[in-house]
Structure formats: structure tokens, C-alpha cells
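This report concerns only the one structure given below.
Residue indices begin at 1 and follow the sequence shown.
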Amino acid sequence: MNIAVSTLEKTSARSRSKVCTLLAAALAGSALLFATLPYAQEPTPANFAGVWSVNGLESLESPNWDIVGLFSCRCAEETYAYLDTLLHDPANDSMSAQEIVEALAAHTLEVIADRLTDTGRSVGAAFDLADDPAIQCERFGAFRTALHSDPIEIEVYDDRIVIKGEDLTVDRTVHIDGRGHPENTARSPEGHSIGWFEDGSLVIETVGVSAGLVDDQLAVHNSDQARSV
């Protein structure tokens with residue numbers, strides 16, 4: 001099961017709903033600090049340390065929001081294409097905003113169902129929101145943390161990047177010193193993460209996670225064999 005967690009690209013209406021994409025503004029101005037060195041393989045991006053948030057930065061009246069951004073949700077890529085159809089097909093002009101939201105949720109569940117294993121579907125079907133570990137103040141796993149929208153603080157060091165979030169998120173340490181994953185990694189909610197830069201974007205690979213809940217509303221879980229890029 002692959003879960004995209006940290007592909008940093010230019011901010012779009014769809015991506016504004018994910019905290020990690022707020023780094024795009026910083027990464028877009030990448031400084032070629034080591035371009036003159038003969039062994040440099042990848043430009044070093046600008047330092048994006050600091051606190052980042054999508055909450056409360058802009059009102060819904062801001063011109064930076066468009067209609068797709070206003071409907072941003074827990075949607076699969078295919079669902080955004082479906083949203084485009086709903087918004088531009090005159091036959092759907094009579095649909096209310098709530099009806100569109102409900103249609104998007106149903107479509108996303110259909111897409112996800114096709115991607116889950118039999119175990120994933122059965123675990124999701126049996127899930128009750130009352131069983132959410134967060135109710136007992138248990139911290140989120142790495143994947144649920146990545147999808148969380150509260151503010152995050154990023155600390156950048158020579159050999160690692162530390163990402164800290166609010167609420168019940170786990171602190172994530174991303175090793176950027178060229179190391180790989182250790183063998184027989186002990187399973188933990190945060191797992192083991194390594195990172196590298198590709199065309200100015202930070203790519204994070206996480207393994208060694210313990211089984212956990214990825215999204216409560218969609219009842220999506222991950223096994224202890226999950227890996228994310």
C-alpha cells in the first residue's frame with residue numbers, strides 16, 4: 001500500500017489542503033548553493049525551516065481561492081477529475097454544495113475500495129469512530145500525521161529534517177545524509193524516514209511503521225508492511 005505523503009510541488013487549488021505543500025513557496029526559490037562544486041548532483045533548496053499552516057491564513061473571500069480549492073477534501077486524484085465534471089457540466093447546475101460534497105465522498109470511497117486489500121476492506125468495514133485511538137490520546141501514525149492539517153514546525157539540520165505538528169501528531173525525523181533504512185527496523189508509529197531532493201522537491205520515503213489508522217472519516221488503515229513515498 002503506497003501513500004503519497006510529501007511530494008512538494010507548486011501550490012495548486014487541490015494541494016492547498018495539505019500542509020506539506022506549503023513548502024512549495026520556499027522550494028520554488030531554490031538556491032544553487034553548491035552549483036560550482038564538481039560533485040554536486042542536486043541543487044540545495046532554500047531553507048524552509050519555520051512554522052507553516054493552512055489554517056486561518058486567508059478568508060474564504062480571498063482571491064487566491066478558486067472553486068476547486070473551496071471543495072478540497074479527502075479526495076483521490078480521480079475524484080478531483082470527477083469534481084471538475086460536476087462543476088462544469090450544465091446538467092449539474094441544480095446540485096447544491098452539500099450534494100457535491102456528498103457525491104465526492106461517495107466517489108472517493110469507491111476509488112479507495114478498489115485499491116484496498118481484502119483485509120483492508122474488512123478492517124475498514126468493521127471500524128467504528130468510537131474505536132479511534134485518538135480518543136484515548138494515542139498519537140497518530142506517520143501517514144495520519146502527514147495528512148493532518150494543523151500547523152507544523154520544520155527544523156532543518158545538515159543531516160536531518162525534523163517535522164513537528166500540533167494535536168496528536170508524531171514528530172518525524174527525516175534523515176537526509178544519504179543513509180538507507182536499517183535492516184529489521186523495529187515497528188513504530190512514526191516509522192523510519194529518509195529523504196532526498198529531486199528537482200528542488202523533497203522526497204520522503206517511510207518504512208517500519210506499525211499498523212494504524214490513516215484516516216478516520218474514510219476508515220482507511222495501514223498494515224505494518226506499508227511503505228510510503
Side-chain angles (χ1 to χ4, degrees), residues 1-22 24 54-55 57-135 140-150 165 167 169 201 204 206 209 211-223 225-229:
M1 175 180 181
N2 290 333
I3 303 173
V5 294
S6 293
T7 301
L8 308 182
E9 301 173 348
K10 273 195 173 250
T11 303
S12 64
R14 184 181 73 185
S15 64
R16 278 196 295 267
S17 64
K18 298 182 177 65
V19 172
C20 63
T21 55
L22 284 171
V54 296
N55 293 340
L57 292 181
E58 299 174 331
S59 69
L60 294 181
E61 288 74 32
S62 169
N64 293 324
W65 286 99
D66 61 15
I67 188 65
V68 174
L70 294 175
F71 277 105
S72 292
C73 58
R74 295 175 171 89
C75 293
E77 183 175 358
E78 294 89 338
T79 305
Y80 278 100
Y82 177 56
L83 172 60
D84 186 70
T85 299
L86 292 179
L87 294 176
H88 294 94
D89 186 345
N92 302 316
D93 287 349
S94 61
M95 293 184 69
S96 67
Q98 183 60 36
E99 288 173 332
I100 292 177
V101 168
E102 292 172 354
L104 294 177
H107 187 276
T108 298
L109 288 171
E110 291 176 2
V111 172
I112 290 175
D114 289 338
R115 295 176 178 174
L116 294 176
T117 63
D118 290 340
T119 299
R121 282 190 287 271
S122 62
V123 170
F127 176 70
D128 188 317
L129 278 174
D131 298 326
D132 186 342
I135 295 177
F140 299 163
F143 304 146
R144 190 174 182 182
T145 289
L147 295 175
H148 205 55
S149 60
D150 277 350
D167 201 1
T169 57
S201 293
I204 299 176
T206 300
V209 296
L213 180 64
V214 176
D215 188 282
D216 53 342
Q217 296 298 319
L218 296 176
V220 175
H221 296 70
N222 67 271
S223 76
Q225 300 299 306
R227 165 184 171 273
S228 71
V229 177

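- Here the straight-line distance linking atom CG of Asp216 with atom CG of Asp128 works out to 11.5 Å at 0.5 Å rounding.
- To the nearest 0.5 Å, the span separating CG on Asn222 from CZ on Arg227 amounts to 14.0 Å.
- For the atom pair OG1 of Thr85 and CG of Asn92, the computed distance is 8.0 Å after rounding to the nearest 0.5 Å.
- When side chains are defined from C-beta on, Leu87 counts as touching Ile67, because their heavy atoms get closer than 4.5 Å.
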Assess whether side-chain contact (heavy atoms from CB on, under 4.5 Å) is satisfied between Ile100 and Leu83, documenting all intermediate values. CA-CA 8 Å; Ile100 292 177; Leu83 172 60; 4.0 Å; yes

Quick one, Phe140 with Leu147, criterion side-chain contact (heavy atoms from CB on, under 4.5 Å). Give me CA distance, side-chain angles, the key distance, then yes/no. CA-CA 10 Å; Phe140 299 163; Leu147 295 175; over 6 Å; no

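- When all heavy atoms of Met95 and Ala103 are compared, the pair lying nearest together is CE-CB, 4.3 Å.
- To the nearest 0.5 Å, the span separating CG on Leu86 from CZ on Phe71 amounts to 9.0 Å.
- Taken from NE2 in His221 to OG in Ser122, the straight-line distance is 10.0 Å, to the nearest 0.5 Å.
- What you find for Ile135 and Ala130 is that their closest heavy atoms are CD1-O, 3.5 Å.
- Legend: residues meeting ring-ring contact (aromatic ring centres under 6.0 Å, His included) with Tyr82, ordered by chain and number and at least two apart, are His107.
- Across every non-hydrogen atom of Asp167 and His148, the tightest pair is OD2-NE2, 3.2 Å.
- Interatomic distance, CG of Asp215 versus OG1 of Thr108, reported as 10.0 Å (0.5 Å rounding).
- Exactly one of Ile112, Leu109, Leu104 qualifies for a side-chain contact (heavy atoms from CB on, under 4.5 Å) with Thr79. That residue is Leu104.
- Considering every non-hydrogen atom in both Glu99 and Ser94, the closest pair reads OE1-O, 4.0 Å.
- When all heavy atoms of Val209 and Ala142 are compared, the closest pair comes out as CG1-CB, 4.4 Å.
- For the pair Ala113 and Arg121, the tightest heavy-atom approach, listed with the atom from each and the gap, is O-NH1, 2.7 Å.
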